[in-house]
Amino acid sequence: MPGKLFFIMGPSGVGKDTLLDYLRRHRPPGVLVAHRYITRPVQNGPEAHIPLSVDEFWERRSLDLFALTWQAHGMWYGIGREVDMWLENGSHVVLNGSREAFALVRDRFPGCMGILIQADPDVVRARLEARGREDAKEVARRLDRNTDLNLNDKNVMIIWNNDRPELSGAQLVQAIHQNIQATEVCISS
């Protein structure tokens, strides 16, 4: 039975990387967290990615080594072909992505579950300012940015990450675990 893909998304500063770090430490059996290839150097923080130069990225893309690529914030993002193998072998896969890429992901991986991480604007502002990656103008621009998603979609669940990350992380782990169990029950019925 093929595995299920979970696509984590949300605006910068909501704590996606922190929750994914929690998930890596508490993941249910059979769940793999994929890394991303990004044309951005490694920076301090919990984000786990493989940095590539733009030339390296395009070389890998031309060799068809990515299952999916997209561009956001002036950088290129890619997910390796190993994800296809993991899913085919029955592993469930979690991807860290961009809201703008969700339509691409749904086309490429039918039946994927979107998980939208959200936080209150004041919480997001404080997190963006604390990480120090953007100046005040860029922080304001990120806070003003909004991407429409069909939040009534049964294939998108929302997790709020305003408080302690352990609470939201536990909700993420539980949501993935319950979704896998529900899918397995439906298939075996």
Do the side chain of Lys16 and the main chain of Ile117 share a donor and acceptor less than 3.5 angstrom apart?
no
Step by step, would you call Gln118 with Asn161 a side chain to side chain contact (heavy atoms under 4.5 Å, CB included)?
CA-CA 6 Å; Gln118 292 190 325; Asn161 187 26; over 6 Å; no
Side chains of Arg99 and Leu116, heavy atoms from C-beta outward: is any pair under 4.5 Å?
yes
So, the side chain of Arg27 versus the backbone of Leu32: is there a donor-acceptor pair under 3.5 Å, distance only?
no
Quick one: are Val94 and Leu172 in side-chain contact, heavy atoms under 4.5 Å?
no
At what distance, to the nearest 0.5 angstrom, does CE of Met1 lie from CG of Asn89?
13.0 Å
Hey, does the side chain of Ser168 reach the backbone of Trp160 with a donor-acceptor pair shorter than 3.5 angstrom?
yes
Any side-chain heavy-atom pair from Phe6 and Ile180 closer than 4.5 angstrom?
yes
Aromatic plane relationship, Trp70 with Tyr77 - under 30° parallel, 30 to 60° tilted, over 60° perpendicular
parallel
My understanding is that a hydrophobic cluster links ILVMFWY residues whose side chain heavy atoms are under 4.5 Å apart, including indirect links. Using that, what else belongs to the cluster containing Leu65?
Leu63
Smallest separation among heavy atoms of Ala119 and Arg127, with atom names
CB-NH1, 3.8 Å
Would the distance check show the side chain of Asn162 and the main-chain N or O of Asp120 forming a donor-acceptor pair, the cut-off being under 3.5 Å?
yes
Nearest heavy-atom approach of Leu95 to Ala34 is CD2-CB, 3.4 Å
Do Asp64 and Arg81 come within less than 4.5 Å of each other through their side chains, counting heavy atoms only?
yes
Any Asn96 side-chain heavy atom under 4.5 Å of His49 side chain:
no
Atom pair CG (Leu87) and CD (Glu82), whose distance is rounded to the nearest 0.5 Å:
10.5 Å
In terms of relative ring orientation, are His26 and Tyr22 parallel, tilted or perpendicular, with 30° and 60° separating the classes?
parallel
Check Ile159 against Ala175 and note the closest heavy-atom contact, atom names and distance.
CD1-CB, 4.4 Å
How long is the straight-line distance from CE of Met75 back to OG of Ser98, given to the nearest 0.5 Å?
10.5 Å
Check Tyr37 against Phe57 and note the closest heavy-atom contact, atom names and distance.
O-CE1, 3.9 Å
When clusters are formed by joining ILVMFWY residues with side-chain heavy atoms under 4.5 Å apart, either directly or through shared neighbours, do Leu104 and Phe7 land in the same one?
yes
Working for side chain to side chain contact (heavy atoms under 4.5 Å, CB included), residues Val156 and Phe102:
CA-CA 10 Å; Val156 176; Phe102 187 49; 3.6 Å; yes
Would you indicate whether Glu59, at its atom CD, is surrounded by more than 12 heavy atoms from other residues, nucleotides or ligands within a distance under 6.0 Å?
no
Flag yes if Ile8 and Leu167 sit in one hydrophobic cluster, no otherwise; membership is Ile, Leu, Val, Met, Phe, Trp, Tyr, and two members link when side-chain heavy atoms are under 4.5 Å apart.
no
Just so I know, are the side chains of Cys112 and Asn155 near enough to count as touching, which here means a heavy-atom distance under 4.5 Å?
no
With a 4.5 Å limit on heavy-atom distance, are the side chains of Leu23 and Ile176 in contact?
yes
Side chain to side chain, Leu19 and Val14, heavy atoms closer than 4.5 Å:
no
Gap separating the CZ atom of Arg24 from the NE2 atom of His35, nearest 0.5 angstrom
10.0 Å
May I ask you to decide if Lys4's main-chain N or O and His92's side chain share a donor-acceptor pair within less than 3.5 Å?
yes
After noting the C-alpha distance and the side-chain angles of Arg108 and Asp84, does the key distance pass the salt bridge (Lys or Arg N to Asp or Glu O under 4.0 Å) rule?
CA-CA 10 Å; Arg108 175 68 174 78; Asp84 293 325; 2.7 Å; yes
With rounding to the nearest 0.5 Å, note down the distance linking NE2 in His177 to CD in Gln174.
8.5 Å
